Amino acid sequence: MIKPDMTHVKTLEEFYKEICRQQSDAHGKEYIAHHKALVKCVNDPDVNRIKELGVCQGGTLAAMMLQNPYQLTGYDIFPAYYEPYAHLFNEYAKKKGIVYNYYIESSISIESANLDCDLLHIDSLHDPEHLMEELLLHGSTVKKYIVFHDTANFKNSAGLFKVIAEYITDVDQSWKIVDHYIHRVGYTVIQREKRLPEVYNNLK
C-alpha cells in the first residue's frame, strides 16, 4: 500500500478525500471498497464505540470519524505514518465532541483488548496466525460487527478468510458473515447473531 505525502491538507475532510484519491489511483477503486462497509456499520444505531487495529496513515480511521461516532480508538505499533496527520484527527474529534484516543500498542497486547466496542476494524499484519490471535483476544469484547480488510486471496492476503471461517465455526458460533467482497484484496464483515435455540428446540 502506498503511503502518500498529504501534509498539505488542512482538515480531516481534505485528508480523507486525498487519501482515497491517491489509494484509488494507485491500487484501484476496489482497494477502498471496505470504506463503504465501515461507514454502513458506523451508522448502525447500535454502534457507538469503535476500535481499529492497524491505523497506518489513518484512511479508514478518518472514514469512521467523519461519521461522528461517540467513541473511536485506534491502535498501531508503528505510529510514524500517522503522526504527521494526528493533529487533524485530534482537532476534528475535539470540535465534534468525539471521545478519541490513539495508542502505540500491538494489536495482540492485553492492553489493546481492555476496551469493549460495538465495532472492531482489523487491518493490521495480514498474517493468518496473527489474525487468529487477534480474534481470540478481541472477539469477546465486540458487541456487533467485525470488519476485516485484505481477506481475498490476493498477494499477501491469502488465508485470512479461512481464519475467519475457522473462528466463527470452531471458536465462537455467535457470529455470521454478512458481507464478503472478493475483488482485489477484498474485505469481510461478520455480525453477532442473536440465536434463540430454545425456540427451535421446542418446536414439534
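Throughout, numbering of the chain's residues begins at 1 and tracks the sequence. Fair warning: this is a prediction, and the values are worked out from it, not measured in the lab.
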Correct closest heavy-atom pair for Pro79 and Ile104 would be CG-CD1, 3.7 Å
Could you walk me through whether Cys117 and Thr73 pass side chain to side chain contact (heavy atoms under 4.5 Å, CB included), step by step?
-> CA-CA 9 Å; Cys117 62; Thr73 308; over 6 Å; no
Would Glu30 and Tyr181 satisfy side chain to side chain contact (heavy atoms under 4.5 Å, CB included), going step by step from the backbone distance to the final call?
-> CA-CA 9 Å; Glu30 296 91 349; Tyr181 186 81; 3.4 Å; yes
Short side-chain donor-acceptor distance under 3.5 Å, Asp179 and Tyr187 = yes
Residues Asp118, Arg192: salt bridge by 4.0 Å N-O rule | no
Take atom NZ in Lys3; do more than 12 heavy atoms of anything else shown fall under 6.0 Å from it?
-> yes
Any side-chain donor near an acceptor of the partner, Tyr92 and Asn68, under 3.5 Å = yes
Atom pair CG/CD of Leu72 and Gln67 - distance to nearest 0.5 Å | 11.0 Å
How far apart are the closest heavy atoms of Ser140 and Leu137, and which atoms are they?
-> OG-O, 4.5 Å
Donor on one side chain, acceptor on other, Asp76 and Tyr82, under 3.5 Å = no
Roughly how far, to the nearest 0.5 Å, is the NZ atom of Lys10 from the NE2 atom of His87?
-> 7.5 Å
Side chains of Ile19 and Val9: closer than 4.5 Å at any heavy-atom pair?
-> no
Could you tell me the separation between the CZ atom of Phe148 and the OG atom of Ser124, rounded to the nearest 0.5 Å?
-> 10.0 Å
Is a side-chain donor or acceptor of Lys51 paired with a backbone partner of Val142 at a separation under 3.5 angstrom?
-> no
Is there a path from Ile168 to Leu120 through hydrophobic residues (I, L, V, M, F, W, Y) whose side chains come within less than 4.5 Å of each other?
-> yes
Evaluate the ring planes of Phe15 and Tyr85, with Trp represented by its six-membered ring, and classify them as parallel (under 30°), tilted (30 to 60°) or perpendicular (over 60°).
-> tilted
Per the salt bridge (Lys or Arg N to Asp or Glu O under 4.0 Å) rule, which among Arg49, Lys143, Lys144 passes with Asp44?
-> Lys144
Do Asp123 and His126 come within less than 4.5 Å of each other through their side chains, counting heavy atoms only?
-> yes
Thr151 side chain to Phe161 main-chain N or O, any donor-acceptor pair under 3.5 Å?
-> no
Shortest non-hydrogen contact between Leu12 and Ala62, atoms and distance = CD1-CB, 4.0 Å
Roughly how far, to the nearest 0.5 Å, is OG1 of Thr11 from CG of Leu88?
-> 7.0 Å
Trace of the side chain to side chain contact (heavy atoms under 4.5 Å, CB included) decision for Leu115 with Tyr75 = CA-CA 11 Å; Leu115 190 67; Tyr75 295 88; 4.1 Å; yes
OG1 on Thr60 to CD on Gln23, rounded to 0.5 Å | 8.5 Å
Look at atom CD of Glu111 and say whether more than 12 heavy atoms of other residues, nucleotides or ligands are closer to it than 6.0 Å.
-> yes
Joint cluster assignment, Leu66 & Val47, ILVMFWY side-chain distance < 4.5 Å = yes
Residue pair His138 / Ser107, side-chain donor-acceptor N/O under 3.5 Å = no
Give the cluster check for Leu160 versus Met132: same hydrophobic cluster or not, with ILVMFWY residues linked at side-chain heavy-atom distances below 4.5 Å.
-> yes
For the student: nearest non-hydrogen atoms of Trp175 and Gly139, plus distance | CZ2-O, 3.8 Å
Heavy-atom closest contact (Ile50 atom, Met64 atom, distance) = CG2-SD, 3.7 Å
Looking at side-chain heavy atoms only, is the closest gap between Met65 and Phe89 below 4.5 Å?
-> yes
Backbone of Lys29 reached by a side-chain donor or acceptor of Arg184 within 3.5 Å | no
What is the ring orientation for Tyr81 with Phe78, classed by angle as parallel under 30°, tilted 30 to 60°, or perpendicular over 60°?
-> perpendicular
Do Ile146 and Val42 share a hydrophobic cluster, counting only Ile, Leu, Val, Met, Phe, Trp and Tyr and linking them when any side-chain heavy atoms are less than 4.5 Å apart?
-> no
Answer yes if Ile182 and Ile190 sit in the same cluster of Ile, Leu, Val, Met, Phe, Trp and Tyr residues linked by side chain heavy atoms under 4.5 Å apart, and no otherwise.
-> no
So how far is it from Asp150 CG to Leu131 CG, rounded to the nearest 0.5 Å?
-> 11.0 Å
For the pair Glu18 and Arg21, evaluate salt bridge (Lys or Arg N to Asp or Glu O under 4.0 Å) and give the outcome as yes or no after the intermediate values.
-> CA-CA 5 Å; Glu18 182 65 10; Arg21 183 188 69 80; 2.7 Å; yes
Give the C-alpha distance, both sets of side-chain angles, the deciding distance and a yes or no for side chain to side chain contact (heavy atoms under 4.5 Å, CB included) between Val189 and Lys40.
-> CA-CA 11 Å; Val189 182; Lys40 183 176 181 178; over 6 Å; no
Aromatic plane relationship, His149 with His34 - under 30° parallel, 30 to 60° tilted, over 60° perpendicular = parallel
Going by heavy atoms in the side chains, are Cys41 and Gln191 under 4.5 Å from each other?
-> no
Could you tell me whether the side chain of Ser24 reaches within less than 4.5 Å of the side chain of Ile32, counting heavy atoms only?
-> yes
Minimal non-hydrogen separation, Ala80 against Pro84, with atom names = O-CD, 3.3 Å
Donor-acceptor under 3.5 Å (Asp5 side chain, Thr7 main chain) = yes
